[in-house]
Amino acid sequence: MPFAKSQLITLERKPHFADESFRSIRTQIDFLAVPSPIKSILVTSAVAESGKSFVAANLATVMAQTGRKVILVDADLRRPRLHAIFSCPQTPGFTTAISKKLPITNVLHETPIPNLKILPSGPLPPNPVELLASPPAHDALQQLSQQADLIVLDTSPAIAVTDAILLSHMVDGVLYILRPGHNSRKLDRRAIELLTQVHARLLGVIVNGMRADDEASDYAMSY
Ligand SMILES: Nc1ncnc2c1ncn2[C@@H]1O[C@H](COP(=O)(O)OP(=O)(O)OP(=O)(O)O)[C@@H](O)[C@H]1O
Ligand SMILES: [Mg+2]
């Protein structure tokens, strides 16, 4: 994934060199979805600022552009960012629905992109892990799956906190973001090890933030 100048590059009118990368990732995911469909994808990385939210937002956008109903979930209950990327309110959101026992569909927000809805984080809870591990959170994700062809979850870094590892059980696949030079390879190895230990289905690794003129300015998919 090349380095881009704006956040939601896949929505810009001007073609962007990274558009093609996101479309290729979409195609790769579609290939992996045979024979069993991939209805939920979690995006994570080892540490902060790797581009998880950037990738989640743009991937959800290119998926919705094919006519699929997509719900983008801000499951990063520590440093949520999707509401800022899509300029929508942070609340009500995921945590509101859980704490107030509201149907999850009541707290979905529309986006300017047809077929794409966003579930912002809601107010930040004191105990994100307990909240994400709770049966109501699990039920909420199941309800979302019934409302959409695909749900994309943005999460917290997998090394610092267990949120993403915990959620990786509840999704059909995980995309791992690797930002070269951003953190040690040891941390990436550790994060992937943690995901493998809980039998998460690793769909692939996206190498993010390469320079456009770099020969390797593309993504890497494995499995
Ligand atoms: N390929 C890219 N091109 C341009 N900017 C990028 C790219 N990837 C990430 N960024 C920028 O880097 C910053 C960090 O990205 P982002 O917020 O997506 O990371 P994150 O992994 O979600 O961080 P956090 O762990 O804090 O949630 C943002 O300003 C984002 O716009
Ligand atoms: Mg983020």
Side-chain angles (χ1 to χ4, degrees), residues 1-12 14-26 41-63 71-88 90 93-95 111 116 118-125 128-129 132 151-168 171 174-185 187-188 190-192 194-195 202 204-221:
M1 180 61 48
F3 190 81
K5 280 198 180 131
S6 69
Q7 306 265 308
L8 214 50
I9 49 166
T10 43
L11 194 61
E12 284 174 6
K14 275 196 292 178
H16 190 283
F17 53 81
D19 289 354
E20 198 41 47
S21 300
F22 278 109
R23 289 199 201 96
S24 302
I25 293 167
R26 180 178 68 198
I41 297 173
L42 177 148
V43 180
T44 197
S45 69
V47 300
E49 302 271 312
S50 316
K52 296 179 288 298
S53 304
F54 172 85
V55 169
N58 283 287
L59 177 65
T61 302
V62 293
M63 287 292 193
I71 300 175
L72 176 59
V73 179
D74 207 331
D76 184 343
L77 303 183
R78 298 166 194 270
R79 300 217 310 184
R81 246 179 84 68
L82 296 179
H83 60 280
I85 296 178
F86 286 90
S87 306
C88 83
Q90 185 182 344
F94 197 14
T95 59
T111 71
L116 178 61
I118 172 173
L119 177 62
S121 65
L124 300 192
V129 179
L132 291 170
I151 60 173
V152 177
L153 277 81
D154 184 19
T155 64
S156 304
I159 293 272
V161 288
T162 52
D163 310 15
I165 305 293
L166 187 93
L167 286 169
S168 66
V171 294
V174 173
L175 281 178
Y176 184 83
I177 313 301
L178 189 152
R179 198 165 187 174
H182 188 62
N183 56 263
S184 70
R185 286 191 182 176
L187 286 182
D188 285 316
R190 178 69 190 135
I192 289 177
L194 288 171
L195 288 164
L202 190 58
V205 176
I206 294 178
V207 181
N208 183 37
M210 308 291 286
R211 282 166 46 88
D213 53 1
D214 193 312
E215 274 181 25
S217 64
D218 214 337
Y219 60 92
M221 297 287 285

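Numbering starts at 1 and runs along the sequence shown. Order of listing sets the numbers, starting from 1, for every ligand and every atom in it. Only this structure's heavy atoms are used, side chains among them; waters, hydrogens and symmetry mates stay out.
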Heteroatom proximity flag, G51 to ligand 1, N/O under 3.5 Å: yes
For S156, which part has a heavy atom under 4.0 Å from ligand 1: side chain, backbone, both, or neither? neither
Is a side-chain donor-acceptor pair under 3.5 Å present for T155 with D163? no
With a 4.5 Å cut-off on side-chain heavy atoms, are L195 and I165 touching? yes
Decide yes or no for L124 and Q90: does some side-chain heavy atom of the first lie under 4.5 Å from some side-chain heavy atom of the second? yes
Mind checking whether F94 and D74 have side chains closer than 4.5 Å, heavy atoms only? no
Would you indicate which of K52, R79, R78 comes nearest to atom 26 (O) of ligand 1 when only heavy atoms are counted? R79
Can a donor-acceptor pair be found, under 3.5 Å and without considering hydrogens, that links the side chain of T44 to the backbone of S156? yes
Min side-chain heavy-atom separation T61-F86 under 4.5 Å: yes
Say whether S53, considering both its backbone and side-chain N or O atoms, lies within less than 3.5 Å of an N or O atom on ligand 1. yes
Do any nitrogen or oxygen atoms of S45 come within less than 3.5 Å of a nitrogen or oxygen of ligand 1? no
Heavy-atom check, side chain of D188 versus side chain of N183, under 4.5 Å: yes
Between F54 and ligand 1, is there a nitrogen or oxygen pair with a distance under 3.5 Å? yes
Any N, O or S atom of S53 closer than 2.8 Å to the Mg ion (ligand 2): yes
Below 4.0 Å from any atom of ligand 1, is there a heavy atom belonging to R179? yes
Is there any N or O on N208 that sits under 3.5 Å from an N or O of ligand 1? yes
Atoms of ligand 1 under 4.0 Å from any heavy atom of D76, numbered from 1 in the order shown, are 27 (O)
